[in-house]
Every structure is written in C-alpha cells, then in structure tokens.
Trainee: 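So that we are looking at the same thing, I have put the structure below in structure tokens.
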Amino acid sequence: MLIRLCTLVCFAGLVSAIPALADDLFLDDDFDGEFIFDDSEFSNQDTDTLLQESPYQWWLKQGLVYDPKSLSEPTDSFTDMHLQAETTLGLTGFAKVDIKASQNWNTGEFDAEIYSTAIQISTEQGAFKLGRYINSWGEVEGAGVLDIINLAPALTDPDRDFKPQWLLGYSHYMGARELHVLANVQPDVAQVTGMTANVEAASEWGVGYKVTGSGSDWALYAGQFIQNAPTLGVANGLPVLTAYQYDLLGFSYNRASGDNLLKWDMAWKQGLGQQVGSGLTKVERLDMALGAEINAGDRQWNLSIASNYLPKHTANYQTVIIDPLTLQPSWLPTSQWYTSYGLGVSDSFANDEFSWSVNLIGAVNGSMTGLISELTWDYADNLQWRFFLAGLEASADTAYASMDGLQRIGAELEYHF
C-alpha cells in the first residue's frame, strides 16, 4: 500500500532532514551550505556571455495538485508567470530581477510581486550584494540548524522553493578565508491560517567567518535573528503566535573523501519561544545535524540526522497544537531531545533526459514518517515536466496528528519562451 505522503515540499533538496520541532514541520525553516558570493560570477567569460544574450526571459509554470483526502477542494490549479532580466554593470557588477505573477484558479486570487532581485558589485577584495535573494548558511540542507535566513516552503505551498528575503550583504576575501556580514531589513515569518504572528523585532543581522582548506571547510557564525516558524502558545487562556528574536552562535564543517562529502552543523540558540506552564517564555536550545552525500556514478545518496536539545527542560515544557476543525488548543509534553532523520536517493537516465528522486523523512521516535518522490522529464530545451507524489503518516498522540494522512499528487509544466 502506498504510504500516505506529505506535500509540495517534495523537491529533491528536502532529502536531508525534517525540521527540528513540530511547529518547524508545520511552518518550516530554511536552506543550504555556503556564503552567497562567488568570484566566478564576475569572470570575463560570464560577462561576454551576458552581453551576447537577451537580457529578458519569460517563463510559465502550470501546476495541478490533487489531494484525495481533502473535504473541500481536492484539486488545486495554479499558474505562475515569470519575467526575468539580468545584465552586467560594467566589468565588476551584476544585476537581475524576477517579477512573478501568480493566479490560483480555485480561489480566484491573483498576486504580482518582485519575487527576487539583486545588485552585486565586486571590489578588489570583496563583494556587496543588495536585494531580495537566497542566502545559504551551514552544510546540512533542510535541517534548520544554520539554514535560518530564508523561509522554507510550507507543506501545502505550491511553490517548493525557499523564499527570498530582502538582504544587504558583504563578503571580504582573504585568500582561503572569507568574512561575511549580512542584514535582513524586512524579515518574513511563516503564516498560520486564521492567526497573526507577533514579530518581536523588525530586522536581523549575522556574521560568518569561513576557512577553506585542502579537502575540508569550516565556518563560524553569530547573529541575532527572528524565528522563521513562530511559536504557538497559550497566554491568559488565549492562543498566541509569536516570532521571537534570538541569539545564535554556530559552527559548520565539511570534509570530502573522494566523491563523497561528510557535513556537520551545530548552533546554540538563546531566546527561542517555548510554552512553559501557563505561558510563553524564552529558552535555550542546542541544535546539531550530521549529513553525508555519497556518490556512486550518477546516483547520489543523501543521509542526515538532526537533533535538538533543551538543556533546562522540565515537566512544564509543552507543545501547543490547534485542532484544525474546532480551532481549540491542546497541550502535549515537549521532549528534552528531539531527533529526526532523512534518507534520499536521486539519479537520472536516458542521457539525463529523465531524473528522479525518492526521499524518506521522519522522527526517530516514530511519531511521524513521510515519503517524497519526484520524476522530472526534460522534454525539450525549453519545456520540462515534473511529477510528484508525497504524503505523511503521524501518530494520534503527537503534535503531527493533524497532518496524519496528508497526501499530495501533482504535475507541473514549465515552459520558457
């Protein structure tokens, strides 16, 4: 029997791990593993190529998603239209913009926005970048340890990409070392239907120091951030949703062995929201993740395990959930340790015309298990089909109970004009 599976999150990049807490799975976290600047973006070859190509590109994505267990509207159809433009700014600069218009055919909702944009200027020893873009921290993708800048897609989000943020960043290069600073001038937090999140601060900042060695890299991180996934709690008898500001100290490491890569992330977070007794308070948490990429020819295996530890945990630590039908809150005990795992495999065939991935995610204590699979068909240079199947099973007495039986079956067509 086909395991009932989770979401439009079923992109191959999700392979490594589910988020650390139940509310993180409900709302989710962020992304990947290197700093945002790369000298290769400014090579003369790239500049010449950009000058020769048209600076504009239109592309369309048509999606159809089927949820066989939905009580209201089992089929969701949407259309996204993108206008992208990019150009060089002299010999040391680069600018791009992606304007997106979206139409949801079920609800009739239409939205247009600057989906992403960036201006990047290089100096002799560094690079500035300003715009709305993706910033990558840490090594273990999807684990939520250090990939805390950009919002990850929610389980029912038709757009499976991480969400760009308005950022100002600078990287300073010193041979094998790099110092990176960034500021987020307009942090976004995940939304919960029917609730408005209180956001504790209006901006966030971070600094990273990375050293590249022979066969391995390591980096240190520090900053003050806003929770991407607000904490759901109860105060004065009423449910409240709060995105707290917290401090972070982190470390990442990777080591190559032939074609394989071992990855490690660790972060101390102080100021995260937690229901303790009858109200919300701030607590400390240690997050850790270990991951590996194992390559056998074109086939790649991705393995990860992520864990969170609450050092001052007591029996009063609780997780608040809202019943989706009655909208009434209920309380579950919060464990001092929470550990999740990810196992994924991807490959291609027919001269790379087809590619596929299968990813298993879950909680080590068995409270949740999800399976995510995807098949991509590059039908032509400008036309791509994507088919996916995802779903989730969860125990009745856990924070994941409301997602038990979640299923998504879908297809997308992407056409570039």
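Fair warning: this is a prediction, and the values are worked out from it, not measured in the lab. Heavy atoms only: backbone and side chains are in, while hydrogens, waters and symmetry mates are out.
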Trainee: A quick test of your reading: do over 12 heavy atoms of other residues, nucleotides or ligands sit less than 6.0 Å from CD1 of I119?
Mentor: no

Trainee: Please check if the side chain of R132 supplies one atom and the backbone of I114 the other of a donor-acceptor pair under 3.5 Å.
Mentor: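 Yes, the answer is positive, given that a donor and an acceptor are paired below the 3.5 Å cut-off.
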
Trainee: Between D98 and K100, does any side-chain N to carboxylate O distance fall below 4.0 Å?
Mentor: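 Salt bridge flag = no for K100 with D98.
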
Trainee: CD1 of I305 to CG of L343: how many Å apart, nearest 0.5 Å?
Mentor: 12.0 Å

Trainee: Spell out, as yes or no, whether a donor-acceptor pair under 3.5 Å connects the side chain of S357 to the backbone of S373.
Mentor: no

Trainee: Scan side-chain atoms only and decide if S307 and T339 contain a donor-acceptor pair under the 3.5 Å cut-off.
Mentor: yes

Trainee: So, taking the atom named CG in L383 and the one named CH2 in W59, what distance separates them when rounded to the nearest 0.5 Å?
Mentor: 13.0 Å

Trainee: Just wondering, more than 12 heavy atoms not from W337 lying within 6.0 Å of its CH2?
Mentor: yes

Trainee: Between D67 and R408, does any side-chain N to carboxylate O distance fall below 4.0 Å?
Mentor: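 Yes, this pair counts.
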
Trainee: Inspect the surroundings of OH in Y379 and state if more than 12 heavy atoms from other residues, nucleotides or ligands are less than 6.0 Å away.
Mentor: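 No, because the 6.0 Å sphere around OH of Y379 holds 12 heavy atoms or fewer from other groups.
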
Trainee: Main chain of Q224, side chain of Q245: is a donor-acceptor contact present, judged purely on distance under 3.5 Å?
Mentor: no

Trainee: Look at the aromatic rings of Y253 and F251 and report parallel, tilted or perpendicular, splitting at 30° and 60°.
Mentor: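 Plane angle under 30°, so parallel.
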
Trainee: With a sphere of 6.0 Å drawn around CG of N236, does it hold more than 12 non-hydrogen atoms of other residues, nucleotides or ligands?
Mentor: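 Open.
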
Trainee: Test of understanding: with side-chain contact (heavy atoms from CB on, under 4.5 Å), list the residues that count as partners of A85, not counting sequence neighbours.
Mentor: Y56, V97

Trainee: Given 3.5 Å as the limit, does a donor-acceptor pair link the side chain of E86 with the main chain of T88, or not?
Mentor: no

Trainee: Which one of N135, N184, N228 satisfies the side chain to side chain donor-acceptor pair (under 3.5 Å) criterion with Q165?
Mentor: N184

Trainee: With no hydrogens and no angle check, is any side-chain donor or acceptor of Q191 less than 3.5 Å from a backbone partner on V189?
Mentor: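 Flag set: sc Q191 to bb V189 pair under 3.5 Å.
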
Trainee: If I take atom CG from residue L392 and atom CE from residue M403, how far apart are they, to the nearest 0.5 angstrom?
Mentor: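 One gets 6.0 Å once the value is rounded to the nearest 0.5 Å.
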
Trainee: Once you round to the nearest 0.5 Å, how far does CZ of R255 lie from CD of E139?
Mentor: 13.5 Å

Trainee: So does W166 have more than 12 non-hydrogen atoms from other groups sitting under 6.0 Å from CH2?
Mentor: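 Atom CH2 in W166 is crowded, with more than 12 foreign heavy atoms closer than 6.0 Å.
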
Trainee: Just by modelled atom types, is the G138 backbone N or O under 3.5 Å from a matching donor or acceptor in the Y221 side chain?
Mentor: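 Pair found, side chain donor or acceptor close to backbone of G138.
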
Trainee: Would you say the side chains of E293 and N295 form a donor-acceptor pair under 3.5 Å?
Mentor: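 Side chains of E293 and N295: no pair found under 3.5 Å.
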
Trainee: Donor-acceptor pair, distance only, cut-off 3.5 Å: does the side chain of Q274 make one with the backbone of Q318?
Mentor: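 Side chain of Q274 to backbone of Q318: a pair is present.
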
Trainee: Is there a donor-acceptor pair under 3.5 Å between the side chain of S257 and the backbone N or O of N260?
Mentor: no

Trainee: Ignoring hydrogens and angles, tell me if any N or O in the side chain of N365 forms a donor-acceptor pair with the backbone of S367 under 3.5 Å.
Mentor: yes

Trainee: Are S348 and E353 linked by a side-chain donor-acceptor pair shorter than 3.5 Å?
Mentor: no

Trainee: Does the side chain of Q336 come under 3.5 Å of the side chain of Y309 through a donor N or O and an acceptor N or O?
Mentor: yes

Trainee: Please check: side-chain N/O of N382 versus main-chain N/O of H416, any donor-acceptor pairing under 3.5 Å?
Mentor: yes

Trainee: Please report the interatomic distance CG(D188) to CD1(I149), rounded to the nearest 0.5 Å.
Mentor: 12.5 Å

